[in-house]
Colleague: 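Pasting in a structure now, in structure tokens, and then I'll have a few things to ask.
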Amino acid sequence: MNQEKKEILFLEPVCTHNIWGGAKLREEFGYAAEGDDIGECWGISAHPNGDCSIRCGAYAGMKLSEVWAKHPELFGNLPCDRFPLLTKIIDAREDLSIQVHPDDTYAAAHENGSFGKTECWYILDAPENGTLVVGHNAQTKEELISMIREGRWSEFIREIPVKKGDFIQIDPGTVHAIKGGLVLLETQQNSDITYRVYDYDREQDGRQRELHVDKSIDVITVPARSAKESVTSAFGLPKNRMNRLYSCKYYDIFKLEVDEKTSFEQKYPFLLMSVVEGEGTIDGRSVKKGDHLIVPCGYGM
């Protein structure tokens with residue numbers, strides 16, 4: 001391994017414009033995107049729909065997908081045919097559609113070999129009495145189909161309260177929607193597959209957006225996980241240490257709140273890091289709110 005090139009990878013994010021997006025990603029995070037419909041910052045992504053570039057250093061100008069393909073040693077030589085994860089910051093000025101994601105098996109069969117989409121959210125900002133859609137109220141598959149086909153949305157949709165610092169795991173098959181006023185950090189599989197169940201009959205460019213009702217019915221889990229099990233608080237955790245919030249076969253999620261010099265061991269194939277508040281330095285390099293970086297395999301050893 002070329003030790004001289006084992007360096008932290010700083011990413012240039014890709015921002016997207018969405019019917020429900022706002023301006024906070026520009027005004028509060030400093031991303032160079034115009035307009036008041038900026039819905040998502042793809043902060044760490046090697047997906048064809050948003051492939052981030054390396055900002056500086058030995059790999060400056062290279063796409064993350066290219067670095068993944070040409071330098072697998074930076075990522076622990078994982079046996080994966082594409083970069084496995086995608087990190088976003090999402091600003092919802094308005095409600096997102098009611099949606100659900102497939103698992104790997106269903107996506108591979110129905111979406112041209114795509115990954116499924118397991119994801120999780122960390123709430124960065126929420127209005128007073130903020131809510132999210134997580135889960136649904138149908139108790140059987142038959143009841144689910146009836147509620148959806150008959151448009152009984154007030155009966156079907158389950159909203160639960162959330163606040164800044166909450167963590168939500170969204171497994172495939174979970175009905176979910178981000179509500180207006182929320183800003184969150186999302187970690188997900190490297191997939192852009194979303195099935196819309198309902199979109200409030202909104203129009204974009206003069207027509208309603210496509211729905212995926214049959215596929216949604218195929219993949220929605222019935223009954224849904226309870227509301228109590230769906231949200232956990234990550235507020236008030238010990239500072240200056242890596243606090244594990246969640247672990248599954250796709251990712252381990254940590255929260256690190258720093259107010260003094262601290263260190264940690266990089267013992268993973270790689271670490272994705274997003275700075276969501278404040279500013280400081282990491283190994284002598286300045287970082288600030290809105291920065292996204294990858295600490296490669298064995299860094300610091």
Side-chain angles (χ1 to χ4, degrees), residues 16 18-21 39-40 42 47-50 85-86 88 90 92 94-121 131-160 162 168-180 182 184 186-227 229-231 248-251:
T16 69
N18 306 82
I19 190 174
W20 41 262
E40 299 183 345
W42 292 29
H47 193 279
N49 292 345
L85 298 175
L86 199 166
K88 298 178 181 177
I90 297 176
E94 298 179 2
D95 296 351
L96 274 69
S97 62
I98 308 300
Q99 55 191 241
V100 65
H101 303 309
D103 62 15
D104 288 340
T105 301
Y106 191 94
H110 295 85
E111 304 297 341
N112 196 31
S114 171
F115 284 152
K117 198 173 179 186
T118 297
E119 66 185 28
C120 61
W121 299 334
T131 64
L132 281 171
V133 173
V134 182
H136 58 84
N137 295 313
Q139 296 303 307
T140 65
K141 196 74 170 183
E142 291 73 20
E143 187 177 22
L144 174 93
I145 294 170
S146 175
M147 285 179 168
I148 291 175
R149 296 293 188 197
E150 296 172 12
R152 293 154 51 198
W153 304 117
S154 61
E155 295 178 57
F156 176 67
I157 295 167
R158 186 179 74 191
E159 288 190 41
I160 57 179
V162 291
I168 302 98
Q169 171 66 19
I170 306 290
D171 291 329
T174 302
V175 174
H176 62 279
I178 301 169
K179 301 287 287 182
L182 293 172
L184 56 85
E186 177 176 288
T187 301
Q188 59 163 86
Q189 287 179 266
N190 184 7
S191 170
D192 203 20
I193 303 300
T194 293
Y195 298 151
R196 295 191 195 100
V197 188
Y198 176 57
D199 195 35
Y200 310 100
D201 299 320
R202 286 184 293 198
E203 292 189 355
Q204 186 174 31
D205 299 326
R207 56 184 177 184
Q208 294 182 6
R209 294 198 296 172
E210 181 185 7
L211 299 179
H212 315 91
V213 174
D214 291 339
K215 289 180 176 179
S216 296
I217 289 171
D218 282 348
V219 304
I220 292 173
T221 300
V222 186
R225 181 186 298 170
S226 72
E229 295 175 298
S230 298
V231 179
C248 66
K249 67 179 182 178
Y250 300 108
Y251 46 67

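No hydrogens, no waters, no symmetry mates; every other heavy atom, side chains included, goes into these values.
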Colleague: Looking at Asn49, I'd like to know if its CG atom is crowded, meaning that more than 12 non-hydrogen atoms belonging to other residues, nucleotides or ligands lie closer than 6.0 Å.
Modeller: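 Yes, CG of Asn49 has more than 12 neighbouring heavy atoms, counting only those of other groups under 6.0 Å.
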Colleague: So do Trp42 and Asp192 actually touch side chain to side chain, heavy atoms under 4.5 Å?
Modeller: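 The answer is yes; the side chains approach within 4.5 Å.
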Colleague: Just how far is it from atom CH2 of Trp153 to atom CE of Met147, taken to the nearest 0.5 Å?
Modeller: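 Answer rounded to 0.5 Å: 10.5 Å.
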Colleague: Indicate the atoms forming the closest heavy-atom contact of Gly135 with Ala224, along with that distance.
Modeller: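 Smallest interatomic distance, heavy atoms only, reads CA-CB, 3.9 Å.
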Colleague: Counting C-beta onward and ignoring hydrogens, is there a side-chain heavy-atom pair between Ser97 and Arg209 closer than 4.5 Å?
Modeller: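 Yes - at least one pair of side-chain heavy atoms lies under 4.5 Å apart.
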Colleague: Partners of Leu96 by side chain to side chain contact (heavy atoms under 4.5 Å, CB included), sequence neighbours excluded?
Modeller: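 Listed in chain order: Trp20, Ala92, Ile178.
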Colleague: Just jot down the salt bridge (Lys or Arg N to Asp or Glu O under 4.0 Å) partners of Glu150, sequence neighbours excluded, or say none.
Modeller: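 For Glu150, the residues satisfying salt bridge (Lys or Arg N to Asp or Glu O under 4.0 Å) (neighbours in sequence not counted) are Arg152.
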Colleague: The criterion is side chain to side chain contact (heavy atoms under 4.5 Å, CB included); which residues satisfy it with Thr221, sequence neighbours excluded?
Modeller: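 Per chain and number, Thr221 pairs via side chain to side chain contact (heavy atoms under 4.5 Å, CB included) with no residue.
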Colleague: Could you check if a side-chain atom of Ile98 sits within less than 4.5 angstrom of a side-chain atom of Tyr200, using non-hydrogen atoms only?
Modeller: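 Touching, per the 4.5 Å side-chain cut-off.
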Colleague: Write down the atom of Val175, the atom of Val100, and the distance for their closest heavy-atom approach.
Modeller: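 Result for this residue pair: N-CG2, 4.3 Å.
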Colleague: Can you list every salt bridge (Lys or Arg N to Asp or Glu O under 4.0 Å) pair that touches residues 110-119, not counting sequence neighbours?
Modeller: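 Qualifying pairs: Glu111-Lys215, Lys117-Glu119.
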Colleague: Hey, does Val219 have a side-chain heavy atom less than 4.5 Å from the side chain of Pro172?
Modeller: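 No, side chains not in contact.
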Colleague: Quick one: CG on Leu211 to CZ on Arg196, what's the gap to the nearest 0.5 Å?
Modeller: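 Answer rounded to 0.5 Å: 7.5 Å.
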Colleague: Could you pull out all residues at least two apart from Phe156 that satisfy ring pair (Phe, Tyr, Trp, His ring centres under 6.0 Å)?
Modeller: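 Ring pair (Phe, Tyr, Trp, His ring centres under 6.0 Å) check on Phe156 returns His136.
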Colleague: List the residues meeting side chain to side chain contact (heavy atoms under 4.5 Å, CB included) with Ala109, not counting sequence neighbours, and say none if there are none.
Modeller: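 With neighbours one apart ignored, the set is empty.
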Colleague: Out of the candidates Asn190, Asp104, Thr187, only one should pair with Tyr250 under the side chain to side chain contact (heavy atoms under 4.5 Å, CB included) rule; please name it.
Modeller: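 Considering Asn190, Asp104, Thr187, a side chain to side chain contact (heavy atoms under 4.5 Å, CB included) with Tyr250 is found only for Asp104.
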Colleague: Using a 3.5 Å distance criterion without hydrogens, assess whether the side chain of Ser216 forms a donor-acceptor pair with backbone atoms of His212.
Modeller: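 Yes, Ser216 side chain to His212 backbone: donor-acceptor pair under 3.5 Å.
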Colleague: Under a 4.5 Å cut-off applied to non-hydrogen side-chain atoms, are His101 and Ser191 in contact?
Modeller: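 SC-SC contact between His101 and Ser191 ruled out.
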Colleague: Before you tell me yes or no, could you show the steps for Leu184 and Ile168 under side chain to side chain contact (heavy atoms under 4.5 Å, CB included), namely the whole-Å CA-CA distance, both residues' side-chain angles and the distance that decides it to 0.1 Å?
Modeller: CA-CA 10 Å; Leu184 56 85; Ile168 302 98; over 6 Å; no
Colleague: Does a side-chain heavy-atom distance below 4.5 Å link Glu142 with Ile145?
Modeller: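 Not in contact.
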Colleague: Which residues pass the ring pair (Phe, Tyr, Trp, His ring centres under 6.0 Å) test with Tyr251, not counting sequence neighbours?
Modeller: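 Ring pair (Phe, Tyr, Trp, His ring centres under 6.0 Å) check on Tyr251 returns nothing, list empty.
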Colleague: Which residues pass the salt bridge (Lys or Arg N to Asp or Glu O under 4.0 Å) test with Arg207, sequence neighbours left out?
Modeller: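 Here no residue qualifies.
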Colleague: Using every non-hydrogen atom in the two residues, find where Thr118 and Gln189 come nearest and quote the distance to one decimal.
Modeller: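 Closest pair (atom of Thr118, atom of Gln189, distance): N-OE1, 2.8 Å.
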Colleague: Name all residues meeting the side chain to side chain contact (heavy atoms under 4.5 Å, CB included) criterion together with Thr174; count only those two or more places apart in sequence or in a different chain, and write none if there are none.
Modeller: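 Here the qualifying residues are Val134, Ile170, Asp171.
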Colleague: Working note: Asp103 + Thr105, criterion side chain to side chain donor-acceptor pair (under 3.5 Å); need CA distance, chi angles, decisive distance, verdict.
Modeller: CA-CA 6 Å; Asp103 62 15; Thr105 301; 4.5 Å; no
Colleague: Go through the structure and list residues passing salt bridge (Lys or Arg N to Asp or Glu O under 4.0 Å) with Asp214, not counting sequence neighbours.
Modeller: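 Only Arg149 meet the salt bridge (Lys or Arg N to Asp or Glu O under 4.0 Å) criterion with Asp214.
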Colleague: How long is the straight-line distance from CG of Leu132 back to CH2 of Trp121, given to the nearest 0.5 Å?
Modeller: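 If I round to the nearest 0.5 Å, the distance is 5.5 Å.
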Colleague: Return the minimal non-hydrogen interatomic distance between Val222 and Leu144, and the atom names on each side.
Modeller: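 What the structure gives for the nearest pair is CG2-CD2, 3.9 Å.
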Colleague: Taking atom CD1 of Ile19 and atom CD of Glu203, what is their separation to the nearest 0.5 Å?
Modeller: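 Taking CD1 in Ile19 and CD in Glu203, the distance rounds to 9.0 Å.
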Colleague: Could you give the distance from NZ (Lys179) to OG1 (Thr131), rounded to the nearest 0.5 Å?
Modeller: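 Lys179 NZ to Thr131 OG1: 5.0 Å, rounded to 0.5 Å.
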Colleague: Show the nearest heavy-atom pair for residues Arg158 and Ser230, with the distance to one decimal.
Modeller: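 Smallest heavy-atom distance, with atoms named: NH2-OG, 3.6 Å.
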Colleague: Holding to salt bridge (Lys or Arg N to Asp or Glu O under 4.0 Å), I want the full list of residues that pass it with Glu143, two or more places apart in sequence or in another chain.
Modeller: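 Glu143 satisfies salt bridge (Lys or Arg N to Asp or Glu O under 4.0 Å) with no other residue.
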Colleague: Gln139: which residues meet the side-chain hydrogen bond (donor to acceptor under 3.5 Å, both in side chains) condition with it, sequence neighbours left out?
Modeller: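 Applying side-chain hydrogen bond (donor to acceptor under 3.5 Å, both in side chains) to Gln139 gives none.
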Colleague: Going by heavy atoms in the side chains, are Glu159 and Val133 under 4.5 Å from each other?
Modeller: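 Yes, at least one pair of side-chain atoms sits under 4.5 Å.
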Colleague: Report yes if some heavy atom in the side chain of Asp199 is under 4.5 Å from a heavy atom in the side chain of Gln208; otherwise report no.
Modeller: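 They are not in side-chain contact.
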